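The structure appears below as structure tokens.
Owing to the predicted nature of the structure, the values given are computational and were not obtained by experimental measurement. The chains referred to below are lettered A, B, ... by the order of the sequence lines, with proteins before strands, and numbering in each begins at 1.
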2 protein chains.
Amino acid sequence: MPKLITKIKEYRAKTNMKQEELAQLIGVRRETIGHLENGKYNPSLKMAMDIAKVFMVPVEELFQFID
Amino acid sequence: MPKLITKIKEYRAKTNMKQEELAQLIGVRRETIGHLENGKYNPSLKMAMDIAKVFMVPVEELFQFID
DNA sequence: TTATTAAGTTATAAATATATAACATTAGGA
DNA sequence: TCCTAATGTTATATATTTATAACTTAATAA
């Protein structure tokens, strides 16, 4: 079972963005962002790319699977 | 409803790889690769990154959402 | 202390991806 | 042409993500 590591929280902090704001920008729920930040599951490619676009970084900069 | 465009088939052709071979490399079914190549759905981030790794390209080079 | 805002967490429902199996179609070589 | 391998396609089952709602916790300010 590979674990997902993400830098979403760091990029949010860097830009003073709340979970709620990010969620609205990409059209998902706040809880979904929270779960994702805490590695609860493997998101869809669309959602991952939408978030990467918000922070203007490549998907691989934001997400990494370990193991 | 955004449409998914992918270059998987092109990269497979470039390296003479069958759907079945790619599927086994990343641990999914042949039909799953087929459906993905034909834009049937939005894959998981893990699967997208696994495929990108096989062809040694960034995720964004392989997948693009239109609209 | 009380109130408020952001984030964590849990349970359940709904939506969607993926597996599975079966059959159809296409392309290429003998 | 006939065979065969590769791919397309469809239906259904299973697994997983995401939505929803509710409650909790942490931090901060009044």
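Protein atom CD of B/Glu20 is 14 Å distant from nucleotide atom C1' of C/dA21, rounded to whole Å. Atom-to-atom, CD1 of A/Ile26 to C1' of D/dT18 comes out at 11 Å; the value is rounded to the nearest Å. Nucleotide D/dT7 holds its C1' atom 17 Å from the CD atom of B/Glu10, rounded to whole Å. One interatomic measurement links the two molecules: CG of A/Asn42 to P of D/dA15, which rounds to 17 Å at whole-angstrom precision. In this structure, CG of A/Asn16 is placed 11 Å from P of C/dA7, rounded to the nearest angstrom. Separating the NZ atom of A/Lys18 from the C1' atom of C/dG8 is a distance of 16 Å, rounded to the nearest angstrom. Across the protein-nucleic acid pair, B/Glu37 atom CD and C/dT18 atom P stand 14 Å apart, rounded to whole Å. In this structure, B/Lys40 places its NZ atom 13 Å from P of C/dA17, rounding to the nearest Å.
Contact annotation: the side chain of A/Pro43 approaches that of A/Leu4 to within less than 4.5 Å [non-hydrogen atoms, C-beta and beyond]. A 4.5 Å side-chain heavy-atom check between A/Leu25 and A/Met17 finds at least one atom pair inside the cut-off. Considering only heavy atoms from C-beta on, A/Thr6 stays 4.5 Å or farther from A/Tyr11 through its side chain.
Between B/Ser44 and C/dT18 there is a side-chain N or O to OP1 or OP2 distance below 4.0 Å. In terms of phosphate contacts, B/Arg12 brings no side-chain nitrogen or oxygen within less than 4.0 Å of OP1 or OP2 of D/dA6. Phosphate proximity of C/dA19 to B/Thr32: present, with a side-chain N or O under 4.0 Å from OP1 or OP2.
Checked against A/Leu36 for a side chain to side chain contact (heavy atoms under 4.5 Å, CB included), the options A/Met47, A/Lys9, A/Gln19 give a single hit: A/Met47.
Within the nucleic acid shown, A/Lys9 comes within 4.0 Å of sugar-phosphate atoms alone, with no base atom in reach, counting heavy atoms only.
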Problem set entry | B/Ile8/B/Phe63 under side chain to side chain contact (heavy atoms under 4.5 Å, CB included): CA gap, chis, key distance, verdict | CA-CA 8 Å; B/Ile8 295 177; B/Phe63 301 97; 3.9 Å; yes
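Two residues, A/Tyr41 and B/Gln19, neighbour DNA chain D, and the one matched to the more 5' nucleotide by heavy-atom proximity is B/Gln19.
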For this session: Let me have a per-nucleotide readout for nucleotides 22-30 of chain C, 5' to 3', with B, S or -, counting only protein heavy atoms under 4.0 Å.
Result: B--------
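Checking D/dT10, C/dT18, D/dA19 against the side-chain heavy atoms of A/Arg29 singles out D/dA19 as nearest. The side chain of A/Asn38 lies closest to C/dT9, out of C/dT18, C/dT9, D/dA19.
The backbone N or O of A/Lys46 lies less than 3.5 Å from a partner atom in the side chain of B/Asn42, making a donor-acceptor pair.
Using a 4.0 Å cut-off between charged side-chain N and carboxylate O, B/Glu20 and B/Lys18 make no salt bridge.
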